[in-house]
Each structure stands twice: as structure tokens, then as C-alpha cells.
Protein chains: 2
Amino acid sequence: MNVTAPALEGTALEAWRSYLQSHAAIVRELDADLHHAHAMTTRDYEVLLYLAQAEERRMAMSVLSERTMLTRSGITRLIDGLVAEGLVERVSCPKDARISYAQLTDSGHAKLVSAGVTHVAGIERLFLTHFSPEELDQLAQLLGRLPGALPETGGCTAAAEACAVSGPAGADGTCSVSE
Amino acid sequence: MNVTAPALEGTALEAWRSYLQSHAAIVRELDADLHHAHAMTTRDYEVLLYLAQAEERRMAMSVLSERTMLTRSGITRLIDGLVAEGLVERVSCPKDARISYAQLTDSGHAKLVSAGVTHVAGIERLFLTHFSPEELDQLAQLLGRLPGALPETGGCTAAAEACAVSGPAGADGTCSVSE
DNA sequence: CAATTCTAGTTGACCGGTCAACCGCCCCGG
DNA sequence: CCGGGGCGGTTGACCGGTCAACTAGAATTG
């Protein structure tokens with residue numbers, strides 16, 4: 001008996017396996033870096049970055065939950081943590097009393113900035129340095145076809161777009177955070 | 001203030017972001033498939049596959065924990081679950097009473113086989129179909145350089161090697177399970 | 001052989017996340 | 001204007017995993 005579809009033999013699988021394994025290893029390491037250097041989770045970093053990029057540095061919980069691909073309760077709890085550390089505040093919306101915003105504090109912003117340095121360095125070291133610029137283009141072009149990847153914005157104009165931080169689940173942006 | 005290292009602008013990031021996002025989306029979907037069709041976790045699938053490929057269809061807990069990149073306690077609990085479902089049995093080692101093996105039962109094997117069909121189909125659908133054979137080679141070649149990926153076995157001989165199922169954390173093999 | 005030390009596995013406490021139930025508030029139709 | 005339904009957010013119960021402490025059995029050494 002054989003579980004393998006006939007098509008799945010030889011090198012096709014190698015791409016898949018490298019894809020999986022490298023991802024696991026890289027993400028693990030990035031997490032460890034961030035945790036070690038800033039006592040912070042990749043998730044934390046991600047939402048801090050989202051907030052920093054947002055209008056007024058605040059976002060409604062549910063918007064945040066969509067972006068991060070966490071459930072609403074998940075985001076509630078994550079923000080609870082950030083609030084406890086003073087990196088974020090909850091502010092309520094005058095227009096709609098149901099909404100509560102998570103707003104980046106100054107200390108949250110500062111922490112994001114310093115964490116960003118190590119995080120970006122990690123991406124550089126673990127991913128980018130392994131390829132030439134042409135190869136990175138190639139990769140972007142190939143991986144862009146996969147489900148979930150942005151459909152390869154051929155010459156996207158605004159930094160805003162290019163910056164749109166990571167995406168579903170455990171992504172991490174690497175964008176400018178201006179001030 | 002700017003978090004981004006100067007080098008990290010433009011398209012370089014696109015490769016990284018597609019890499020992250022596609023992985024999240026694909027893995028999520030694969031998980032959902034497996035869960036929906038077989039009420040089983042990708043982790044479960046992974047260890048069942050390891051067991052199926054192992055000598056005598058059994059492995060010591062700690063070996064299993066290395067392979068799956070779970071902690072020993074994690075593997076204990078995971079196996080607890082599989083035992084409860086009757087997919088695996090614990091058998092003790094006559095030579096060394098400290099060791100206990102997890103051994104695949106017939107029903108576990110059957111379940112693996114049927115789950116394998118849907119899982120492999122998922123990989124096909126979500127990953128492989130997006131590329132031509134040449135592109136898959138390219139990808140394998142590029143991704144193979146990343147940390148954690150096997151170093152591109154140029155013409156690896158044995159199926160055994162090619163089959164060495166996924167790797168660290170949440171990998172999933174796609175190999176033959178013969179009997 | 002006894003004492004030490006190392007290894008395999010399990011267990012308890014906890015953590016980060018989900019799911020489902022819930023509360024409070026908006027909004028829309030009588 | 002008020003009653004019901006839908007939406008935003010939080011909360012409780014649980015789950016899958018880690019870490020640290022522990023137990024039992026090997027191995028090593030004097």
C-alpha cells in the first residue's frame with residue numbers, strides 16, 4: 001500500500017520539504033532572538049508594528065484580529081498582556097461605545113523600534129543573505145503564486161503598500177516605522 | 001526614526017513576505033483538510049508517518065520527540081492521545097526498562113493511509129500545481145540554502161533518504177508507506 | 001558491590017491560543 | 001419610541017504545548 005500519489009516522487013518533494021523545514025527553522029530562530037533580546041513574542045512585535053503604522057497609532061480590536069489572523073478573544077488576551085507591560089493602552093471610541101482601540105504608547109513605540117533592529121537583522125541573516133538580488137526577484141515571483149501570498153504587485157508604488165507588514169499568522173513586518 | 005535597515009527596501013521584502021504568508025495560508029489549509037476529513041492533527045499525521053516508516057513500526061518516545069521537534073513531555077501527551085484512539089500502543093523494551101516504544105497499530109496504519117491520500121492531494125493542490133517541474137527544481141535549489149533545509153542532496157540515491165519526511169516542527173512527510 | 005550520576009519517561013503548573021456563551025451597544029423596522 | 005437582531009469585546013472552559021520537578025532504571029567508577 002502506498003500513500004504517495006504517483007506524481008509525488010523525486011525532486012518535486014524536495015522543494016516542498018525545504019520550504020517547510022526552512023520555514024520552521026527560521027521562524028523558530030527569529031522567535032528566539034526576539035524573545036531573548038527583548039522578552040517579546042513575534043506576535044507582540046507584529047501587533048506593535050501594525051499599531052505603529054496605523055492612523056493615530058491605534059486600531060480597533062477586531063481590525064487587529066483580522067490582520068493578525070487571531071480570534072477576537074485571542075487579540076483581547078494578547079493586548080491584555082501589552083497593556084500590562086505599558087506598551088499599549090486601551091482607549092474607547094466616542095462615536096461607538098462598543099469599540100475599544102488599542103493605542104501604542106510612547107514606550108511601546110520605543111520598544112518596537114529597538115526590537116525592530118534585531119528582528120530585521122535576523123531576517124537579513126537567516127533569509128536574505130542567502131540570495132542574490134536576482135534570486136530574490138525570482139523567489140518573489142514564484143512564491144507570489146502561492147495561496148495567501150500577495151499576488152506580486154508588479155511595481156507597487158507606495159511605501160504604504162510595500163510596508164503592509166506580513167500577513168496571516170505569525171507574519172512579521174519589516175517596514176519603516178516613521179515618526 | 002526608522003526600523004528598517006536600509007538594505008530592506010523594495011522587492012527583497014516581497015520574497016520574504018510571500019514566503020511567510022504563503023506558508024501560513026497553506027499550512028492552515030492543510031491542517032483544516034486533515035482535521036475535517038480525518039479528525040486528526042498534522043502533528044498526529046506526522047508521528048503516524050514516522051512510525052509507519054520505522055523498523056517494526058515503533059519508535060522510542062525520545063527518538064520521536066527529536067524527530068518531531070517536540071519536547072519529551074509534548075510527545076508523551078501526543079502519544080497519550082493516539083493511544084486513546086487506538087492508533088498506537090505503548091510497548092516496553094525488554095532490553096532497557098526505561099524505554100517505552102510507541103507502536104503503530106493496524107488501525108493506526110489504516111488511518112494513516114487514508115489520511116495520507118487527502119494530505120498529499122492537499123500538497124499537490126496548494127503547492128505543487130503552481131509550478132512547472134523546472135520551477136520546482138529552481139525552488140528546491142534556492143530554498144535548499146536556507147537554514148534548516150536539507151542541503152540539496154544532489155541526486156540522492158535511496159528513496160529512504162528522499163522519504164525522510166518533513167523535519168522540524170510541523171513538517172509533514174509525503175512519502176510512501178509500504179506494506 | 002555501593003554510590004553516583006546520567007537517561008527515558010511521566011507529571012503538575014502554566015501559557016497562549018481557540019471556541020462558545022455572554023454583555024452592552026448600535027441600528028433598523030414596526 | 002421601543003423591541004429585536006447583529007456586531008464588538010470580554011470571559012470561562014478547554015486544548016496542545018512548554019518547563020521544571022520527579023521517578024525508575026542503566027551505566028560508571030572506586
Side-chain angles (χ1 to χ4, degrees), chain A residues 24 27-28 31-32 34-36 39-48 51 58-85 87-103 168-172, chain B residues 24 27-29 31-32 34-36 39-48 51 54 58-85 87-103 168-172:
Chain A
V27 161
R28 185 177 312 273
D31 269 349
L34 216 44
H35 189 73
H36 174 269
M40 174 188 256
T41 256
T42 308
R43 289 247 186 247
D44 295 339
Y45 179 80
E46 185 187 4
V47 336
L48 257 31
L51 291 179
R58 55 190 164 74
M59 289 175 94
M61 302 295 281
S62 63
V63 177
L64 217 34
S65 85
E66 283 169 23
R67 291 283 188 92
T68 56
M69 295 272 292
L70 290 176
T71 57
R72 270 184 276 110
S73 54
I75 215 52
T76 293
R77 281 163 167 140
L78 193 158
I79 294 293
D80 283 349
L82 297 178
V83 167
E85 294 178 87
L87 306 178
V88 162
E89 292 171 334
R90 281 199 171 84
V91 329
S92 50
C93 172
K95 301 295 210 172
D96 183 340
R98 288 171 303 180
I99 290 175
S100 95
Y101 292 107
Q103 169 133 17
D172 354 52
Chain B
V27 160
R28 186 177 311 272
E29 175 104 10
D31 269 349
L34 216 45
H35 190 74
H36 175 268
M40 174 187 255
T41 262
T42 308
R43 290 249 187 245
D44 294 340
Y45 179 80
E46 186 187 3
V47 337
L48 256 32
L51 292 179
R58 56 189 165 74
M59 289 175 94
M61 302 295 280
S62 63
V63 176
L64 217 32
S65 85
E66 282 169 25
R67 290 284 187 94
T68 56
M69 295 272 290
L70 291 175
T71 56
R72 286 204 305 311
S73 55
I75 216 48
T76 293
R77 283 167 165 133
L78 193 157
I79 294 293
D80 283 349
L82 296 179
V83 167
E85 294 179 87
L87 306 178
V88 162
E89 292 171 334
R90 281 199 171 83
V91 328
S92 51
C93 173
K95 299 298 209 171
D96 182 341
R98 289 171 302 178
I99 290 177
S100 94
Y101 292 107
Q103 168 133 19
D172 354 52

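Naming convention: chains lettered A, B, ... in sequence-line order (proteins, then strands); numbering from 1 in each chain.
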**Prompt:** Side chain of Arg77(A), base of dT18(C): donor and acceptor closer than 3.5 Å?
**Reply:** yes
**Whole angstrom value for the distance that separates C1' of dG16(D) from CD1 of Ile79(B)** = 14 Å
**Prompt:** When we call it a touch if two heavy atoms are under 4.0 Å apart, what does Ser100(A) touch: a base, just sugar-phosphate, or nothing?
**Reply:** sugar-phosphate
**Asked** Between Val88(A) and Leu48(A), is any pair of side-chain heavy atoms under 4.5 Å apart?
**Response** yes
**Request:** Round to a whole Å and report the spacing from NZ of Lys95(A) to P of dG8(D).
**Result:** 18 Å
**Request:** Take atom CD1 of Ile99(B) and atom C1' of dA27(D), then tell me their distance rounded to the nearest Å.
**Result:** 13 Å
**Prompt:** For Glu85(A) and dG16(C), what is the distance between atoms CD and C1' respectively, to the nearest whole Å?
**Reply:** 14 Å
**Message:** Distance check needed: dT18(D) P versus Asp80(B) CG, whole Å only.
**Reply:** 14 Å
**Request:** Spell out yes or no: do the side chain of Thr71(B) and the base of dC19(D) have one donor N/O and one acceptor N/O closer than 3.5 Å?
**Result:** no
**Asked** What nucleotide among dG9(C), dC7(D), dG9(D) has an atom nearest to a side-chain atom of Arg98(A)?
**Response** dC7(D)
**Asked** Rounded to the Å, how far apart are Arg90(B) CZ and dT11(C) C1'?
**Response** 12 Å
**Request:** Would you indicate which nucleotide in dA26(D), dG9(D), dA8(C) comes nearest to any side-chain atom of Ala97(B)?
**Result:** dA26(D)
**Asked** Could you state the CG-P distance from Leu64(B) to dG17(D), rounded to the nearest angstrom?
**Response** 12 Å
**Asked** What is the distance from atom CD1 of Ile75(B) to atom OG of Ser62(B), rounded to the nearest 0.5 Å?
**Response** 10.0 Å
**Prompt:** Among the nucleotides dC26(C), dA8(C), dT18(D), which one has an atom lying closest to any side-chain atom of Asp96(A)?
**Reply:** dC26(C)
**Asked** To the nearest Å, how far apart are Ile75(B) CD1 and dT18(D) P?
**Response** 9 Å
**Message:** Heavy atoms only, 4.0 Å cut-off, all strands: where does Ser62(A) land among base, sugar-phosphate and nothing?
**Reply:** sugar-phosphate
**Request:** When you get a sec, tell me which of dG17(D), dG9(D), dG17(C) is the closest nucleotide to the side chain of Leu70(A)?
**Result:** dG17(C)
**Message:** Quick check against the 3.5 Å criterion: does Thr41(B) have a side-chain atom that pairs as donor or acceptor with the backbone of Asp44(B)?
**Reply:** no
**Message:** Looking at every heavy atom in both Ala102(A) and Leu51(A), which two are closest together, and how far apart are they?
**Reply:** O-CD2, 3.4 Å
**Message:** With a 4.0 Å limit, can you tell me whether Arg72(A) has a side-chain N or O closer than that to the phosphate oxygens OP1/OP2 of dT18(C)?
**Reply:** no
**Fill in**
Checking Met59(B), Arg90(B), Arg58(B) against Gln103(B) for side-chain contact (heavy atoms from CB on, under 4.5 Å), the one that qualifies is Arg58(B)
**Prompt:** Quick one: on DNA chain C, does Ala60(B) or Ser73(A) contact a more 5' nucleotide (nearest heavy atom)?
**Reply:** Ala60(B)
